[in-house]
Amino acid sequence: MASPRRSVPCPTASWSPQWEAAAGLALAHLLVASQGKPVQVPGGLTEDVFQRALDALLPSGTPKRGAVLAGPGQPSPESGVEIILVPIHPETGQTWVPAGPAASAYPVPLPLGVWLWLVAPEPYPPVPPSGRIPRDVLRDDPLPLLPNHPLRADRATFQHALVRLPAVREPWLPTVLDHVMQGGAAGLL
């Protein structure tokens, strides 16, 4: 996969319905990759999106399985990494595959725009949108309206993806799935 370009369209706010659906799909893959053990995702936006839901759906305890962001332009994951969050090529639909020891890690696919935002979030577009100025500039216009909740995984997409993954037949997963279907973790998804 060629190096990602910043010209890939990204929503101007992190509450896009497409991003929430992508997060729901990724959360289903993260849950399967966990094999029923606790998972620790990288800090920052990745943690904001996934960690609370993973903590609610999986048993607590240590050690936690590590998940890292991997892809073009990122350092190669260490050999002990079990889960990697990787980009999907926007034209071919192929999931990026690392070389070396991390190739055996479970890949959690993310659309390229979402992956880019998690890897290197831009606080604002390089060119101010019409009528607004960058955050670090003193302003006298009103702040933009924000949604009522932070970006989180879409519950319906998560459930839809989870029941279609082959690992749904694993002995530990039906209990988690029943918990989700009955409304458990409702505030997190």
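Excluded from the calculations below are hydrogen atoms, water molecules and symmetry mates; all remaining heavy atoms, backbone and side chain alike, are included.
Under the 4.5 Å side-chain criterion, counting only non-hydrogen atoms from C-beta, Gln94 is not in contact with Ile88. By the 4.5 Å heavy-atom criterion applied to side chains, Leu57 and Leu31 are counted as neighbours. A heavy-atom distance below 4.5 Å is found between the side chains of Ile84 and Pro98. When side chains are defined from C-beta on, Asp48 counts as touching Leu45, because their heavy atoms get closer than 4.5 Å. Trp115 places a side-chain heavy atom less than 4.5 Å from the side chain of Gln74. Considering only heavy atoms from C-beta on, Asp154 stays 4.5 Å or farther from Leu27 through its side chain.
A continuous path of Ile, Leu, Val, Met, Phe, Trp and Tyr side chains, each step under 4.5 Å between heavy atoms, connects Val49 with Val32, placing both in one hydrophobic cluster. When the side chains of ILVMFWY residues are joined at heavy-atom separations under 4.5 Å, either directly or via intervening members, Leu110 and Val97 end up in two distinct hydrophobic clusters.
Smallest separation of non-hydrogen atoms from Pro42 and Thr46: O-CB, 3.6 Å. Scanning all heavy atoms of the two residues, the minimum distance from Pro59 to Pro38 falls at O-CG, 3.1 Å. The shortest heavy-atom contact between Ala21 and Thr157 is O-CG2, 3.2 Å. Between Phe50 and Ala23 the shortest heavy-atom distance is CE2-O, 3.4 Å. The heavy-atom pair separating Gly71 from Pro87 by the smallest distance is CA-CD, 4.1 Å.
To the nearest 0.5 Å, atoms CG (Asp55) and CD (Glu47) are separated by 8.5 Å. The structure places NE2 of His29 at 8.0 Å from OG1 of Thr95, a figure rounded to the nearest 0.5 Å.
The side chain to side chain donor-acceptor pair (under 3.5 Å) analysis of residues 33-44, with sequence neighbours excluded, yields the pairs Gln35-Arg65, Gln40-Gln51.
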Run the side-chain donor-acceptor check on residues 161-171: report pairs under 3.5 Å with partners two or more places apart or on a different chain.
from, atom 1, to, atom 2, distance (Å)
Arg164, NH1, His160, O, 3.1
Arg164, NH1, His160, ND1, 3.4

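Between Trp19 and Trp117, the distance from one ring center to the other falls under 6.0 angstrom.
Scanning for side chain to side chain contact (heavy atoms under 4.5 Å, CB included) contacts around Ala67 gives Leu30, Val39, Val41, Ile83, Leu85, with sequence neighbours left out.
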